[in-house]
Structures are given as structure tokens and as C-alpha cells.
Amino acid sequence: MISNGLGAPPAAWPRLAEGGGFSAVSWSHRGLGGSERPDDPARISVVDHAADLEATMDEAGFERAVLLGWSIGVDVAFEFARAHPGRVAGILGIGGLPGGSFRAFGPPGQPAAVREGLARSAAWLLRLMGPPAAALAYPTVNVARALGVDHVAPVPDLAASAQVARQFATHPWTWYSELLLAAGNHPPIDTGFVSFPVTLVGGTLDIAVAAADIHAVTTTIPRARFVPLVGTHFLPLEQPDRLHQELLALAERAGSSGP
């Protein structure tokens with residue numbers, strides 16, 4: 001069950017998109033990727049996204065699954081797990097935390113209030129900077145492919161990167177900003193309920209959610225494993241093979257290594 005980064009398409013997981021040995025499903029966040037906005041525009045909290053995760057699992061016929069989360073999707077996965085622990089075989093979280101995400105923005109060492117304030121400012125500015133950045137990303141990746149470049153550091157999978165960039169270029173960025181700000185309001189989750197295996201992965205160059213903060217969370221969760229990888233917040237595109245290895249290892253730990 002893929003609890004994706006906000007607005008990210010399934011193409012962000014190229015190994016799973018190719019098959020990868022798992023039956024995998026996901027959904028589009030409210031108002032993004034062709035999904036309609038809710039009638040009540042306030043219903044865009046992490047709890048609401050967790051309800052969409054549950055509905056997607058039900059529709060797919062998944063009674064129990066390994067949850068694969070990225071960024072805010074990690075928070076959504078843990079929120080779902082808190083409400084339905086029996087339906088979760090394990091969680092692989094990349095570049096995200098179980099709540100309190102904005103407090104991990106930027107380099108560690110700064111007061112939590114400062115980091116949260118910077119994160120909120122960055123999330124608001126996306127409504128101004130998101131459109132040109134997304135519009136530039138897609139042709140840049142395609143030019144690299146046309147020139148025969150095998151990889152543009154630190155992104156090794158150009159085909160998947162182009163699909164993700166194309167998706168982000170279509171987002172309504174004011175709405176995206178509102179979604180991100182609402183998700184940032186979600187407080188840290190008490191992980192005392194966790195009895196299933198957990199692997200949390202942090203990018204050593206990630207400024208959106210610092211790897212040190214992800215590591216700190218794993219020390220509070222029984223059976224949790226922390227994996228630092230060289231990369232940014234876009235590890236699913238930068239390290240797809242290594243993340244797929246971690247997914248296989250987690251599935252084995254969870255006792256559900258088959259599809």
C-alpha cells in the first residue's frame with residue numbers, strides 16, 4: 001500500500017511500477033492528479049488522507065498490507081496504523097516522520113519553533129515558486145535524456161523523473177500549498193502502539209526532513225531500523241534499487257514476503 005508523497009504519482013516508484021514482486025496500489029491526494037477537491041475544503045488533514053488510504057485498501061481487497069510511505073505519506077501511514085494496527089504488516093518510511101514533520105525542516109540544531117516557521121514559509125511560497133520550478137524540471141530531464149545522459153546526479157532514473165516532473169507541472173499550486181500546510185499541522189504521533197516492524201530511511205542531503213530527526217524517531221520504536229542513504233528528499237527516484245531491497249527485507253521481517 002503506497003502512501004505517496006503529496007501529489008506524487010505511482011511513477012515515483014519505478015521498481016514497483018515495473019512489477020517488483022508486489023501487488024501495489026495507491027491513490028491521488030484530494031484535488032491533485034485528477035482527484036476532486038472535497039466539498040468541505042477543510043477536510044485535507046492527515047486524518048482525512050488516512051481515511052483515503054483505508055478506502056483504497058478496502059477497494060483493493062487488502063485486509064492487511066505493508067505500508068510504503070514517502071514524505072508526508074509517512075505521517076499518513078502511521079496515522080492509519082494508529083487507528084488500524086491490525087491491518088498493518090509493517091511500515092517502510094522514506095523522508096518522513098510520524099507527525100510533527102515541519103519540526104524537522106532544515107538542518108538539526110535549530111529550535112523546533114524556528115524550523116517549523118521556516119517550513120511553513122517554504123510551504124506557502126510554493127504557490128509562487130512551484131509553477132516555474134515544476135515547469136522547468138520536466139524539459140530539463142527530457143533534454144538530459146535526449147543528450148544520452150544516463151543519469152543526472154543525484155537522480156538516476158530519468159524516465160520516472162520525467163513522469164513525476166510532468167505530473168507536478170499540472171498541479172494547482174495554491175491548493176498544493178494549502179494541502180501541505182494542513183499536513184504540517186499534524187502533531188507528533190505517540191508510536192507506543194507499534195508492534196510491527198518498521199524501517200525508516202533518511203537522505204543525508206535532505207533539507208525537508210533531516211535524517212538526524214528520522215534517526216531519533218527510530219530509537220523510540222521497537223523493532224525499528226534506520227537506514228541513511230546518500231540523497232535528497234527524492235530518494236525514491238535517486239535510490240530506487242536500494243529502497244526496493246529495503247522493501248523486500250521489511251516484507252520478510254513482516255512475514256509477508258510474497259505478493
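Atoms considered below: every heavy atom in the structure, side chains included; atoms not considered: hydrogens, waters and symmetry mates.
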Members besides Phe105 in its Ile/Leu/Val/Met/Phe/Trp/Tyr cluster (side-chain heavy atoms under 4.5 Å): Val114, Leu118
With heavy-atom distances below 4.5 Å as the criterion, would you say the side chains of Leu237 and Ser161 are in contact? yes
Got a second to check how far Leu181's CG is from Ser121's OG, nearest 0.5 Å? 9.5 Å
What is the ring orientation for Tyr176 with Trp173, classed by angle as parallel under 30°, tilted 30 to 60°, or perpendicular over 60°? tilted
Is any side-chain heavy atom of Pro188 less than 4.5 Å from a side-chain heavy atom of Arg103? yes
Looking at every heavy atom in both Pro240 and Glu238, which two are closest together, and how far apart are they? CD-C, 3.3 Å
Checking Gln239 side chain against Val230 main chain: does a donor-acceptor pair fall under 3.5 Å? yes
Hydrophobic cluster identity match, Phe193 and Leu53, side-chain contacts under 4.5 Å: yes
The test is side chain to side chain contact (heavy atoms under 4.5 Å, CB included); show your working for Leu16 and Leu68 and say whether it passes. CA-CA 11 Å; Leu16 287 177; Leu68 174 58; 3.5 Å; yes
Residues clustered with Ile207, ILVMFWY side-chain links under 4.5 angstrom: none
Can any side-chain N or O of Ser26 pair as donor or acceptor with the backbone N or O of Ile2 at less than 3.5 Å? yes
List the atom of His29, the atom of Gly7, and the distance in Å for their closest heavy-atom pair. ND1-N, 3.2 Å
Side-chain donor or acceptor of Ser3 paired with backbone N/O of Gly73 under 3.5 Å: yes
So Arg242 and Val227, do their side chains get closer than 4.5 Å, heavy atoms only? yes
Side-chain (Asn4) to main-chain (Pro9) donor-acceptor, under 3.5 angstrom: yes
Leu243 and Leu92 have their tightest heavy-atom pair at O-CD2, 4.0 Å
How long is the straight-line distance from OG1 of Thr204 back to CG of Leu235, given to the nearest 0.5 Å? 8.0 Å
pair Leu179-His49: side-chain heavy atoms closer than 4.5 Å: yes
What's the separation between atom CG in Asp213 and atom OG1 in Thr218, rounded to the nearest 0.5 Å? 11.0 Å
Separation of Ser28 OG from Arg30 CZ (nearest 0.5 Å): 12.5 Å
Validation row: Ile214, Val201 side chains within 4.5 angstrom (heavy atoms): no
Taken in chain and number order and not counting sequence neighbours, the residues that satisfy side chain to side chain donor-acceptor pair (under 3.5 Å) with Thr199 are Arg253
Full working for side chain to side chain contact (heavy atoms under 4.5 Å, CB included) between Phe226 and Val217: CA-CA 9 Å; Phe226 172 65; Val217 168; over 6 Å; no
Where is the tightest heavy-atom contact between Ile94 and Pro236, given as atom of each residue plus distance? CG2-CD, 4.2 Å
Looking only at non-hydrogen atoms, find the nearest pair between Arg43 and Pro38 and report the distance. O-CG, 3.8 Å
Parallel, tilted or perpendicular: which describes the rings of His233 and Trp70, with under 30° parallel and over 60° perpendicular? tilted
Which heavy atom of Gln110 sits nearest a heavy atom of Arg115, and at what distance? O-CD, 3.4 Å
Can you check whether Ala123's main-chain N or O pairs, donor with acceptor, with Ser177's side chain at less than 3.5 Å? yes
Between His171 and Leu6, is there a side-chain heavy-atom distance shorter than 4.5 Å? no
Has Arg223 got a side-chain atom pairing as donor or acceptor with Ser195's backbone, closer than 3.5 angstrom? yes
Rounded to the nearest 0.5 Å, what separates atom OG1 in Thr56 from atom CZ in Phe80? 10.0 Å
Any side-chain heavy atom of Met1 sitting closer than 4.5 Å to one from Trp27? yes
Just by modelled atom types, is the Phe62 backbone N or O under 3.5 Å from a matching donor or acceptor in the Arg87 side chain? yes
Hey, is the main chain of Trp124 close enough, under 3.5 Å, to the side chain of Arg127 for a donor-acceptor pair? yes
Report the distance from atom NE2 of His84 to atom CD of Glu63, rounding to the nearest 0.5 Å. 10.5 Å
Glu178 versus Thr174: any side-chain heavy-atom pair under 4.5 Å? yes
Hey, mind stepping through His244 and Leu248 against side chain to side chain contact (heavy atoms under 4.5 Å, CB included) and telling me if it holds? CA-CA 6 Å; His244 196 69; Leu248 292 170; 3.9 Å; yes
Taking the side chain from Thr219 and the backbone from Ala216, do they hold a donor-acceptor pair closer than 3.5 Å? yes
Joint hydrophobic cluster, Val47 plus Phe102, side-chain heavy atoms closer than 4.5 Å: no
Pick one: which of Ile221, Leu97, Val46 meets side chain to side chain contact (heavy atoms under 4.5 Å, CB included) with Phe78? Ile221
Main-chain N/O of Ser45 paired with Asp48 side-chain donor or acceptor, under 3.5 Å: yes
